[in-house]
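Following: one structure in C-alpha cells, then a few remarks.
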2 protein chains.
Amino acid sequence: MSDSHFSISLHILTLLDHEKGQLLNSEYIAGSINCNPVLVRKELANLRKHGLVHSKEGKGGGSTLAKNPADINFGEVYKAVKQKSLFGESKNEPNPDCLVGKQISKHLSKLYDEAENALIKNLSTYTLADFSAKFD
Amino acid sequence: MSDSHFSISLHILTLLDHEKGQLLNSEYIAGSINCNPVLVRKELANLRKHGLVHSKEGKGGGSTLAKNPADINFGEVYKAVKQKSLFGESKNEPNPDCLVGKQISKHLSKLYDEAENALIKNLSTYTLADFSAKFD
DNA sequence: TTGTACTGTAATTAAAAATATTACAGTATG
DNA sequence: CATACTGTAATATTTTTAATTACAGTACAA
C-alpha cells in the first residue's frame, strides 16, 4: 500500500455482497468504481487466489462471493491484498559504514511489523457483512 | 504514505539522537540515508515545524533534537510526518449513480480512520529513546 | 569585510510506480 | 458458430516520488 488495492478490493466485495446471487462482470464493477475493467479483473484474480470470490468464464460469466459475508473479515482481506510494506523504506540502501544506517532497516521492519499487526487486529473486528449493512 | 517520509524522519531522528549535542548537516544525514540532501532538508523543515528538531543556519550549522528522546514517541512522529491517507482511495470518483459507489468513500474513510488510530496507538508506545537504544 | 559553509526553498528534470489501454486467446452459452 | 464474457500479457500514459540544479540568506572565522 498505499496504492488503491485495498479500497478497490473492498469496493468489489461490497458490490458482490449487495448484488448477492448474481454474477457481476468486470465492466459493471469497473463502472461503479470508475476504473478500468482490466484492473478489476486483476484484483478479482487476487481475491480468487485467496478464496474470497469465485469467477465464471464465458458468456454470462462474472464473479460472486465465495464465502458468507459474515465470515469475511477485513483483516484477512488486508492480508490477501497487501503486496508491499505499509511504510515505504527509502529505496536506496542506507550507508553500511554508518552505525545507524547499517542497522536501521532491520529495526524499522520490526517496528512496522508490530504496528501493522495492530492495524490488522483492528481491521479484523469488521466483517463484510457489518460494512455492507451501512449502505442504505 | 507509503512514500518514505516516515522512514526518513525516523532515520534522521535516530541519527540526531546518536550524535547528540552535535549539529548534523544535511549532507552528512543524507550520506547515512543515501538520498539527496535537499530531501533531508525538506524533511527537517517538517520536523522543525512540529517542534521535533531545531536547525541552525550558516557555516557550521545543522540540526539537533529539540526534545528529549524519551519524550518523542513515534505516534506523534507519525502524525507530524503523515501527509496523506494511509490507504489510497481510487483516484477517480466512484459512480454516484450506484448505491455502493455513492457512499463508499464515506464508509471507507471512517474505517481507515479507526484502523489508523489503532496504528498510531501502537506507534505511541515507542519512544525515540527506546528505538535508539537498539543500535549497538 | 570577505570567503566559506551551511540552510531554506523553488523550479526543473528524471526515475519509478500506478493505472489505463489495447489486444487476443480461451471458455461458456444459446 | 456467433456472442459475451474471463485471463493475461504487452504497451502506453499518467501520476507520484525523488534527484538535481540553482540561488538567496545567514553565520562564522580569518
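Each chain gets a letter, A, B and so on, in the order its sequence line appears, and its residues count up from 1. The structure displayed is predicted, hence computed values, not measured ones.
- In this entry the distance linking CG of B:L44 with P of C:dG8 reads 7 Å, nearest Å.
- Between A:F6 and B:F87, the ring planes are tilted. Angles from 30° to 60° get that label.
- In this structure, CG of B:L39 is placed 18 Å from P of D:dT16, rounded to the nearest angstrom.
- In this structure, CD of B:E43 is placed 12 Å from C1' of D:dT17, rounded to the nearest angstrom.
- Of the listed nucleotides (C:dT9, C:dA23, C:dT4), C:dT9 has the atom at the smallest distance from the side chain of B:A45.
- For A:N92, no side-chain nitrogen or oxygen approaches OP1 or OP2 of D:dA18 to under 4.0 Å.
- Summarising the geometry, the separation between NZ on B:K59 and P on D:dA30 is reported as 7 Å, rounded to the nearest angstrom.
- Scanning for side-chain contact (heavy atoms from CB on, under 4.5 Å) contacts around A:N117 gives A:I120, with sequence neighbours left out.
- Using a 4.0 Å heavy-atom criterion, one finds that A:N25 contacts the sugar-phosphate atoms exclusively.
- Between the CD atom of B:E27 and the C1' atom of C:dA5 there is a distance of 10 Å, given to the nearest Å.
- Between the CD atom of A:E93 and the C1' atom of D:dA18 there is a distance of 17 Å, rounded to whole Å.
- Residue contacts shown for A:S26 are limited to sugar-phosphate atoms, with no base heavy atom under 4.0 Å away.
- Look at A:N36 and you won't find any side-chain N or O under 4.0 angstrom from OP1 or OP2 of C:dT19.
- Checking the phosphate oxygens (OP1, OP2) of C:dG8, no side-chain nitrogen or oxygen of B:K56 falls inside 4.0 Å.
- Note on B:R48: every side-chain N or O is 4.0 Å or more away from OP1 and OP2 of C:dT7.
- Within 6.0 Å of NE2 on B:H54 lie no more than 12 heavy atoms contributed by other residues, nucleotides or ligands.
- No side-chain donor from either of A:E89 and A:Y112 sits under 3.5 Å from a side-chain acceptor of the other.
- Where B:R41 and A:I8 meet DNA chain C, the nucleotide closest to each residue was compared, and B:R41 sits on the side nearer the 5' end.
- Using modelled atom types, one finds no donor on one side chain facing an acceptor on the other under 3.5 Å when comparing B:T14 with B:D17.
- Rounded to an integer number of Å, the gap from CG of A:N46 to P of C:dT19 is 14 Å.
- Comparing A:G58 and A:K42 by the nucleotide of DNA chain D whose heavy atom lies nearest to each, the residue mapping closer to the 5' end is A:G58.
- Residue B:I29 contributes atom CD1, which lies 14 Å from atom C1' of C:dG8 at whole-angstrom precision.
- In terms of phosphate contacts, B:S4 brings a side-chain nitrogen or oxygen within less than 4.0 Å of OP1 or OP2 of D:dA18.
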